[in-house]
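Okay, structure first, notes after.
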Protein chains: 2
Amino acid sequence: MVRPSSRDAILRVFAEHVAERGYAETALADVAVALGLSKGTILHHFGSKEALLGEVHVAYFGRRLAEADYVRAHLESPVERLVAMIYALLAAHRDDRAASLTCLRELVRYSGDELGGTLAEHIRGQRTRYTDLVVDIVRAGAAAGELHTADPRMTALHVFGMCNYAWTWYRPDGPESVEHIAGVFVRDLLGEERDTELARAIAVVRRAPGRVPAG
Amino acid sequence: MVRPSSRDAILRVFAEHVAERGYAETALADVAVALGLSKGTILHHFGSKEALLGEVHVAYFGRRLAEADYVRAHLESPVERLVAMIYALLAAHRDDRAASLTCLRELVRYSGDELGGTLAEHIRGQRTRYTDLVVDIVRAGAAAGELHTADPRMTALHVFGMCNYAWTWYRPDGPESVEHIAGVFVRDLLGEERDTELARAIAVVRRAPGRVPAG
DNA sequence: CATTGCTGACTGAACGGGCGGTCAGTTACC
DNA sequence: GGTAACTGACCGCCCGTTCAGTCAGCAATG
């Protein structure tokens, strides 16, 4: 295999395997042969299997946070921002598929407060930041009277569940497009079609940095 | 340990372990010592670790389906039925906790079309039936003009995600009660407080069969 | 240019622990 | 005494991790 940056290739193939089979069912030996490398090389670069998973998480959340910052910078109204976040989360299932599936499958490894080194702590920090971003959007929308909620944090968790759970049923080659799904979800949540907001949100998210172009 | 029906005890403790650690990280030996049994006994009753997981799934979905049938029989309006299903799904996180967590964690094992014997097929059948129940409720509500959706199946998946994803953050001893969470979700979805429907739904679900009283 | 020595990617064999599963035999109950 | 629950020792595989060593590139040296 080529010399430079096997790291990225390892990360990518590892994520693909975990996305498909799950972490525990993924053997480093399989990843190695898929890359034409030896098992030893993978450990040489990352030290342990767990660290490898950690790096996939950090990279994924880095991308989502960059995207979110871009949305925040380019859309003003809370409704548009919220719609954009919904679309972004769903689009990641299609365009950043391996990492999305990996992180959503193995989410729980970094949710509890169990210790786990500085890496795990960092990942928890990223998650908290992302969550807070959406909570703030919901709160702002409620304050502006543009959307209604009895509890912004719960509504944010509602949104995360609605979008993230799609990993269990969404298939890129399925009949429903991400744009259609986002449209339905937005309508469910906001009570009416929001086609203009949706169109703007889609346009902004598509231009956002940190996105992996559809494979 | 007592002689009769170790089966149920094994199933229960196994589910508790999987709920806490995950399937792959659960060792049958640990379950055995927790029960004061030997590993051999567990295999003697269930044949394999996988079969054990399967039985937890079957029992869990059996309970949810019994509950759903009861709701269907005791509530007429689609809105009330939908509210009841939301409450039931959330309440299971509290009252049927070990099985809920186990099944939601390991959901994916029975979602793909990968083969897996008659048991896996049976479980897929249960899941399909449950999904269809909710899709039908949404469709009926839309037809009656009582709720709006651009796509009943997507809206049903929205509801499942919203409720099921709670496994990643809901804690029985947390600040928010299941009733509060259900109230917020229902409001998010239906656009306004639905306190009377929620109260009726809660009352019906609490009387439903197949429920495990809060531990 | 040839030599030397360093660095870091890479290898492959071996290790060792964990764990699901097997089985021949024992115990307890009807 | 037949049946079913139960045991505990054992097997064998899988897989993450270790490690001593190879090889390619490269910079400094003369």
Side-chain angles (χ1 to χ4, degrees), chain A residues 1-57 102 105-106 108-110 114-120, chain B residues 1-57 102 105-106 108-110 114-120:
Chain A
M1 200 94 310
V2 233
R3 294 307 293 279
S5 71
S6 301
R7 272 186 71 96
D8 293 350
I10 293 170
L11 235 27
R12 202 190 65 242
V13 174
F14 175 73
E16 284 166 6
H17 279 238
V18 176
E20 194 159 327
R21 292 172 250 273
Y23 177 73
E25 290 75 18
T26 294
L28 292 187
D30 290 347
V31 177
V33 304
L35 284 159
L37 291 174
S38 85
K39 215 167 37 162
T41 304
I42 297 180
L43 273 319
H44 167 72
H45 280 297
F46 295 93
S48 76
K49 187 185 181 186
E50 225 184 345
L52 205 39
L53 182 66
E55 292 223 25
V56 174
H57 270 81
T102 296
R105 266 186 168 223
E106 310 297 337
V108 79
R109 287 177 199 275
Y110 303 100
E114 309 98 42
L115 20 171
T118 54
L119 191 67
Chain B
M1 199 95 307
V2 233
R3 293 308 293 278
S5 69
S6 301
R7 272 187 71 95
D8 293 349
I10 293 171
L11 235 26
R12 203 190 65 242
V13 173
F14 175 74
E16 284 166 6
H17 278 238
V18 176
E20 194 159 326
R21 292 172 249 274
Y23 177 74
E25 291 75 17
T26 294
L28 292 187
D30 290 348
V31 176
V33 303
L35 284 158
L37 292 174
S38 85
K39 205 169 48 163
T41 304
I42 296 180
L43 274 318
H44 167 72
H45 281 297
F46 295 94
S48 76
K49 188 185 180 185
E50 225 185 345
L52 204 39
L53 182 66
E55 290 222 25
V56 174
H57 269 82
T102 296
R105 266 187 167 220
E106 309 297 337
V108 78
R109 287 176 200 276
Y110 303 101
E114 309 98 43
L115 20 172
T118 55
L119 191 67

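Because only heavy atoms are used, hydrogens play no part in the values below, and waters and symmetry mates are left out as well, while side chains stay in. Each chain gets a letter, A, B and so on, in the order its sequence line appears, and its residues count up from 1.
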Please walk me through it: do A:Leu52 and A:Val31 pass side-chain contact (heavy atoms from CB on, under 4.5 Å)?
CA-CA 12 Å; A:Leu52 205 39; A:Val31 177; 6.0 Å; no

Looking at DNA chain D, which of residues 42-56 of chain B put a heavy atom within less than 4.0 Å of it?
B:His44, B:His45

Measure across B:Leu37 and B:Ser6 and return the closest heavy-atom pair with its distance rounded to 0.1 Å.
CD1-CB, 4.4 Å

Let's see if you can work this out: which of D:dG8, D:dT17, C:dT11 has an atom nearest to the side-chain heavy atoms of A:Ser38?
C:dT11

Distance-only donor-acceptor pairs under 3.5 Å for side chains of residues 10-24 of chain A, two or more places apart:
{"residue": "A:His17", "atom": "ND1", "partner": "A:Arg21", "partner atom": "NH2", "Å": "2.8"}
{"residue": "A:Tyr23", "atom": "OH", "partner": "A:Glu50", "partner atom": "N", "Å": "3.3"}

In this structure, how many angstroms lie between the P atom of D:dT22 and the CG atom of A:Leu37, rounded?
20 Å

To the nearest angstrom, how far is A:Lys39 atom NZ from C:dA14 atom C1'?
10 Å

Describe, as an angle rounded to 10 degrees, how the axis at the first end of the helix from C:dC1-D:dG30 to C:dC30-D:dG1 is tilted relative to the axis at the last end, five pairs per end.
0°

Rounded to whole Å, the CG-C1' distance (B:Leu28 to D:dC11) equals 16 Å

Below the 4.0 Å mark, does D:dA5 have OP1 or OP2 next to a side-chain nitrogen or oxygen of B:Ser6?
no

Reckon B:Thr41 has a side-chain N or O less than 4.0 Å from the OP1 or OP2 of D:dA5?
no

Expressed in angstrom and rounded to an integer, what is the separation of A:Arg7 atom CZ from C:dC10 atom P?
11 Å

What side chain to side chain donor-acceptor pair (under 3.5 Å) pairs are there with at least one residue in residues 24-34 of chain A, not counting sequence neighbours?
A:Glu25-B:Arg109

How many whole angstroms separate atom OH of B:Tyr23 from atom P of C:dG18?
19 Å

Can you tell me the distance, in whole Å, between the CD atom of A:Glu25 and the P atom of C:dG18?
19 Å

Apply salt bridge (charged side-chain N to carboxylate O under 4.0 Å, His left out) to B:Arg105 and list each qualifying residue two or more places apart in sequence or on a separate chain.
none

Of all pairs that satisfy side chain to side chain donor-acceptor pair (under 3.5 Å), the ones with a partner from residues 38-49 of chain A, not counting sequence neighbours
A:Ser38-A:Thr41

For the atom pair OH (A:Tyr110) and CG (A:Leu119), what is the distance rounded to the nearest 0.5 Å?
6.0 Å

